[in-house]
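These notes concern the structure reproduced below.
None of these values were measured; they are calculated from a predicted model. For the numbers below, each heavy atom of this structure counts, side chains included, while hydrogens, waters and symmetry mates do not.
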Amino acid sequence: MKNESLLFVSTNNADYGGSDVLWAETAERLARAGHAVACEVSAQWRAGPHAGRLSAAGVEIRLRRHGDFWSRVKGRLGRIRSAALREEHGLVLINEGMFGAGHGIAAQCRQVGLRYAILSHAVAETRPIRDVDLDSVSVGIREAAVVFFVSNQNHKDASSQIGEPIPHGEVTINPFNVRYDASVDWPTSDAVSLACVARLDSAPKGQDLLLKVLAMDHWRARPLTVSFFGRGRQQKALEKEASRLGLESVRWRGHVDSIEDIWRDHHALILPSRFEGLPLALVEAMLCSRPALVTEVAGMPELIEDGQQGYLAEAPTVRHLNDALERLWVARENLQAMGVRAAEKVKQNVPPDPVSVFADRLICCLGGD
């Protein structure tokens, strides 16, 4: 009997981003299956194009406000299915882009007696939990029904940040935007074409480091180009910096609807990230049989073995990125074979339908498992 009540709460204050994909698609899937589902989102998110799909599926969408928020939440879940709440079949999923961001919401769930789970999309070594928040974050994690991470390394790093184990932590996978059996022809260009697919935000994504690498004399002299795909709050600053450096090897391609189209013209992915969870861009590139050059942070070494499916920069620094790019350049004739291995590797770690897997797991949480 489909009588469960679920409330998805996003801590994201911007519009629909990568950390919203899993919960939103899961909410839609569960609502269409007959479950009672609501979500609380920012004004920017609700005004975006994706809210319409949830509404059409029967998801109740409300604006996240300050003030007497959680009395409204409890009442809303009760209105959705009061009998389900009495039977303790209600669940709040707190979706946080950064580990610890949802600790205040978790505290208020406990105050009103609501069962909750946490979905965390990234853990940053450069943004440790502050002492003032440590107790709240720790209790919030400890009392959650389950804490989902998007990589094993994020799980380990989160435990280090709060100084205690997280035995009820689990790894889940975000949905991707390419076919699981994608077949994309290898580019015919003799020049090496790399794609950096990420929002234009240097703090996590490190595009500033990559521009500094490309400004080195030996890269200026080689037939290698990097196309930056995506939008973000630092687009203007990064474009100005590339212009100041006189980089002729850089292309700004903006947002594209078809990820597979990117890989028809590019040989490999490059992600100079300072911190991550497990980037969708990496999973999608590998499913399209493209190798990747990535930094050795978060979940990326779980998919990329240096010299096998691509290359690992040991740290997000100009020196380490340059060293890894040099290894890629020397082995550029082997990139296509690496891409084949990349597709094999990612399918060993990523299921064909991550949303279905996550939805099933949430239903188990509703049942107390």
Between [Y] and [X], is the closest basic N to carboxylate O distance under 4.0 Å?
| X | Y | answer |
| --- | --- | --- |
| Arg244 | Glu241 | yes |
| Arg142 | Glu164 | yes |
| Glu25 | Arg29 | no |
| Arg62 | Glu40 | no |
| Glu326 | Arg222 | yes |

Counting only N and O atoms by type, is there a donor-acceptor contact under 3.5 Å from the side chain of [X] to the main-chain atoms of [Y]?
| X | Y | value |
| --- | --- | --- |
| Tyr180 | Val350 | yes |
| Gln161 | Ala124 | yes |
| Arg290 | Leu287 | no |
| Tyr116 | Gly140 | yes |
| Arg274 | Ser202 | yes |
| Glu96 | Gly100 | yes |
| Arg253 | Phe229 | no |

What I want to check is whether the side chains of [X] and [Y] have a donor and an acceptor closer together than 3.5 Å.
| X | Y | value |
| --- | --- | --- |
| His121 | Asn154 | no |
| Asp265 | His267 | no |
| Glu302 | Asn349 | no |
| His266 | Ser193 | no |
| Asp185 | Trp263 | no |
| Glu344 | Gln348 | no |

Just so I know, are the side chains of Arg327 and Asp306 near enough to count as touching, which here means a heavy-atom distance under 4.5 Å?
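Yes, at least one pair of side-chain atoms sits under 4.5 Å.
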I would like to know whether Lys205 and Glu276 meet side-chain contact (heavy atoms from CB on, under 4.5 Å); could you show each step before the answer?
CA-CA 8 Å; Lys205 300 299 183 180; Glu276 283 285 0; 2.8 Å; yes
Describe, in one word, how the ring planes of Phe99 and Phe149 are oriented to each other, choosing from parallel (under 30°), tilted (30 to 60°) and perpendicular (over 60°).
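If you compare the ring of Phe99 with that of Phe149, the planes turn out tilted.
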Kindly say whether the aromatic ring centers of His155 and Phe148 come within a distance under 6.0 Å.
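For His155 and Phe148, the ring centres are not under 6.0 Å apart.
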Counting only heavy atoms not in Arg179 (residues, nucleotides, ligands), do more than 12 fall under 6.0 Å from its CZ?
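More than 12 within 6.0 Å, yes.
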